[in-house]
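Inspection log for the structure reproduced underneath, given as structure tokens.
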Number of protein chains: 2
Amino acid sequence: MKPVNLKRLAEELNLSVATVSRALNDRYDISQPTKDRVRELASKLNYEPNPYASGLRRQKSKTIGVVIPEVANHFFSLAINGIEEVARANNYHVLIYLTHEDYEREVSVARLLASGRVEGIMISVASGSQDYSHLDSLQEKGIPLVFFDRVHEGIATANVTTNDYESSFEATRHLLDSGCRSVAHLNLSKSLSIGKRRLQGYVDALQASGIPFDEELVVHAQANKVQDIETIQELLLKRPDIDGFFASVESLAMCCYEACRNLHLSIPNDIKVIGFSNLETASLLDPPLTTVTQPAYAIGKEAAQILFRAITKNVPIAASQSVELKSELIVRGSTGASVDVVVAKIR
Amino acid sequence: MKPVNLKRLAEELNLSVATVSRALNDRYDISQPTKDRVRELASKLNYEPNPYASGLRRQKSKTIGVVIPEVANHFFSLAINGIEEVARANNYHVLIYLTHEDYEREVSVARLLASGRVEGIMISVASGSQDYSHLDSLQEKGIPLVFFDRVHEGIATANVTTNDYESSFEATRHLLDSGCRSVAHLNLSKSLSIGKRRLQGYVDALQASGIPFDEELVVHAQANKVQDIETIQELLLKRPDIDGFFASVESLAMCCYEACRNLHLSIPNDIKVIGFSNLETASLLDPPLTTVTQPAYAIGKEAAQILFRAITKNVPIAASQSVELKSELIVRGSTGASVDVVVAKIR
DNA sequence: TTGTAAGCGTTATCAA
DNA sequence: TTGATAACGCTTACAA
């Protein structure tokens, strides 16, 4: 089966390859009748231009890369939705890379992306990362980079984040307002941008309420469910005064639920829980989880739009294009007073 | 800043481009000292081969495409995890495309992928698809295709599925065994492979128990949460005899929860619910959801392995390579007898 | 062991 | 308005 390429079209039409190419690209210097002939045959033969050839020639891959820690996570999958939406609107393709929170993986992905395979990158850094020279060198190669949610401040480019500090401050205050006196904070990593900011919001809210900060009440998680549940249980046994948990990521809020269940502690009677989360089922949990919900889809979309503005205008991204979106505190049963409601039944 | 390519390396080393290329590819006909010199400079300059150039020359893109309806869904995101894992092990890149259950989108994605951008495709078809000629033409172009979960039987290639029929049969029987007499079935689409099989399992289980099949109890959903909840509520009001729901996809199980809550119906006292689901939080719901859980990660991994076997050996994929994995029925509170448990508290 | 040159499929420059 | 030709960066016969 002969391949369908420009040469083939040109031969069958008795035209030059150049003319066919220009006709398909709708250039002004080709006559309408010729364009029509070319297009007709092209669609008849299902011609599709070879992206590797045109990519090589034009130095454009029409592809962006997305680097995230995990995809089995509502926050990131919603963000991907937003990114894909914008990419498609721009006729771009999306390569996806998962770091699984692992520094080594992030470094190797960065190396892969340094080759011109993508015209731009959107990244949310791994919790295991401490050194960022692999990202610096992408920046140096002139590949536009946008950070979202988990950023690396050391690079002058746009960051799309949420108001983590304020949200954490509010979330903590909400726990205190709900009667908690001994609130533990579950953190993913101190070295992560969001880790720092969310911890700081917690610390400052305690201080604002005149409650001393207690280092022992801050748990740094492993991002391993079984281990993290274990850690939380140990803390609960060691510190029976704990009456509230503020989880800085969704998975840790779920670990709290499991830990409390294992220890037969009631949420919210014994322990109140609040967590950053994009769980669709938050309101269906037992009890419904009070959440700080980030606009994940909007974050992905916004970040992608910034990236594509840079790609299409061919200008570098300035740090001043950074955007901070607002998260929302949604109060539900896990921080409420527990009430038994008797409801009217329809049958 | 001069670009770092083979020419640049060759010039600085006083070697030919060909020699440098062969040295970097570790060919046997290059001397060790030369290889060392080349590699040293390459790594010093951070040389990365241009994938578009080598792809064009070798006719290999080192990329696969994944086409799925949604990513904000545990089943698909876990499958992606499995796919990405295998792709990375093979040094391949993963392009991702979301159809949002829309036929038109699937067609346009198929056209994009017909161009040689990918060496193989993994797809789970959209519920809106009825015609599959867009996929047939990919097959005709010689692009290896593997279907997972939602397949298109019309194409002779491998399908990676689960034992949908048996699972549905069992799930339905479990509801009947739990005392249900009027079980409704929530289906995504009759035209979908999984839709048909899951419906059939339900129908046959009813029959096996001597319960007549009632067309009115089968709901074909819109994949739109608000609408689907509305539809379920209307059905519940119209048919007060309904005492069980079998949801063929996760989102519909959640819609049942919402609908029952809106109507003040208790699960499992008034209505029992079972659903296909990969929700991590199934056990934390109120009540915990009885699920048919598919081995989503294994499905993605298995499907990718089949694809890569075909790509590396350069042989077409035979239908005989199809694999059927087993789903698991996990019984939880949503189909149980409701019991109020008083637990010992640790404090 | 290394170099020369052709070619992958496309686009851009220049000439006709 | 069209055609011939070079070039994108790489790999691979074939020559030396």
Side-chain angles (χ1 to χ4, degrees), chain A residues 1-39 41-42 45-63 91 112 114-119 141-142, chain B residues 1-39 41-42 45-63 91 112 114-119 141-142:
Chain A
M1 198 172 65
K2 265 204 285 191
V4 183
N5 50 28
L6 287 185
K7 197 170 146 207
R8 165 92 177 275
L9 295 179
E11 277 167 9
E12 303 210 1
L13 291 165
N14 272 319
L15 288 170
S16 74
V17 169
T19 303
V20 175
S21 170
R22 279 177 293 206
L24 290 170
N25 287 304
D26 202 18
R27 298 293 258 273
Y28 67 94
D29 55 2
I30 299 293
S31 73
Q32 195 56 49
T34 306
K35 282 184 183 172
D36 293 342
R37 281 179 64 215
V38 170
R39 288 196 193 129
L41 184 65
L45 296 183
N46 272 317
Y47 168 75
E48 289 293 335
N50 182 314
Y52 283 76
S54 66
L56 177 59
R57 182 61 237 240
R58 291 189 149 132
Q59 306 285 28
K60 282 200 157 289
S61 62
K62 287 279 193 181
T63 306
N91 285 313
L112 289 174
S115 62
R117 190 176 287 275
V118 297
E119 291 177 47
K141 287 229 178 190
Chain B
M1 197 172 67
K2 266 205 284 191
V4 183
N5 51 29
L6 287 186
K7 198 171 147 206
R8 165 92 178 275
L9 295 179
E11 278 167 8
E12 302 212 2
L13 291 166
N14 273 319
L15 287 171
S16 74
V17 168
T19 302
V20 175
S21 169
R22 278 177 292 209
L24 290 171
N25 287 306
D26 203 16
R27 298 292 258 271
Y28 66 95
D29 55 0
I30 299 292
S31 73
Q32 195 55 48
T34 306
K35 282 184 185 173
D36 293 342
R37 281 180 65 215
V38 171
R39 287 194 194 132
L41 183 64
L45 296 183
N46 271 318
Y47 169 76
E48 289 293 334
N50 182 314
Y52 284 76
S54 65
L56 177 59
R57 179 61 233 246
R58 291 213 243 238
Q59 305 285 29
K60 283 201 157 287
S61 61
K62 287 281 194 177
T63 305
N91 284 312
L112 289 175
S115 62
R117 191 176 287 275
V118 296
E119 291 177 47
K141 288 230 178 188

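Computed from a predicted structure; not experimentally measured. Below, read A as the first sequence line, B as the second, and so on, with proteins coming before strands; counting in each chain starts at 1.
Nucleic acid contact class of A:S21 (heavy atoms, under 4.0 Å, all strands): base. The residue A:S54 sits close only to the backbone: its heavy atoms come under 4.0 Å of sugar-phosphate atoms, none of a base. B:D29 comes within 4.0 angstrom of a nucleotide base, judged by non-hydrogen atoms across all strands.
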**Audit row: A:Y47, A:L41, side-chain contact (heavy atoms from CB on, under 4.5 Å) steps and yes/no** = CA-CA 8 Å; A:Y47 168 75; A:L41 184 65; over 6 Å; no
**Message:** Show, in sequence, the C-alpha distance, side-chain angles and deciding distance for A:R22 and A:D29, and conclude whether the side-chain contact (heavy atoms from CB on, under 4.5 Å) test is met.
**Reply:** CA-CA 8 Å; A:R22 279 177 293 206; A:D29 55 2; 4.0 Å; yes
**Request:** Could you walk me through whether B:N50 and B:N5 pass side-chain contact (heavy atoms from CB on, under 4.5 Å), step by step?
**Result:** CA-CA 8 Å; B:N50 182 314; B:N5 51 29; over 6 Å; no
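Protein atom NZ of B:K60 is 22 Å distant from nucleotide atom P of C:dG7, rounded to whole Å. Rounded to an integer number of Å, the gap from A:I30 CD1 to C:dT11 C1' is 13 Å. For B:L6 and C:dT2, the CG to P distance is 16 Å, given to the nearest whole Å. Atom pair A:R117:CZ and D:dC10:P shows a separation of 13 Å (rounding to whole Å applied). Here D:dC14 presents its C1' atom at 10 Å from CZ of B:R22, a figure rounded to the nearest Å. Rounded to an integer number of Å, the gap from B:L9 CG to D:dT11 P is 12 Å. Whole-Å rounding puts the B:Q32 CD to C:dT2 P distance at 11 Å. Atom P of nucleotide D:dC10 and atom CD of B:Q59 are separated by 17 Å, given to the nearest angstrom.
Between B:A18 and B:A53, the residue anchored nearer the 5' end of DNA chain D, judged by the nucleotide with its closest heavy atom, is B:A53.
In this structure the side chain of A:L6 reaches within 4.5 angstrom of the side chain of A:L24, judged on heavy atoms. A:L9 is listed as a side-chain neighbour of A:L45, based on a closest heavy-atom distance under 4.5 Å.
Proximity of B:R58 to the phosphate of D:dT11: a side-chain N or O atom is located under 4.0 Å from OP1 or OP2. Phosphate proximity of C:dT10 to A:Y47: present, with a side-chain N or O under 4.0 Å from OP1 or OP2. Taking 4.0 angstrom as the limit, B:T34 places a side-chain polar atom (N or O) nearer than this to OP1 or OP2 of C:dT2. Listed pair A:T19 / D:dT1 fails the phosphate criterion, with no side-chain N or O lying under 4.0 Å from OP1 or OP2. When the side-chain nitrogen and oxygen atoms of A:N25 are compared with OP1 and OP2 of C:dT11, one or more of them lie within a distance under 4.0 Å.
Closest to the side chain of A:S16, out of D:dA4, D:dC10, C:dT11, is D:dA4. Among D:dC10, C:dT2, D:dG9, the nucleotide with an atom closest to any side-chain atom of B:L56 is D:dG9.
Judged by distance alone, with hydrogens and angles left aside, A:R57 brings no side-chain donor or acceptor close enough to the base of C:dT10 to form a pair under 3.5 Å.
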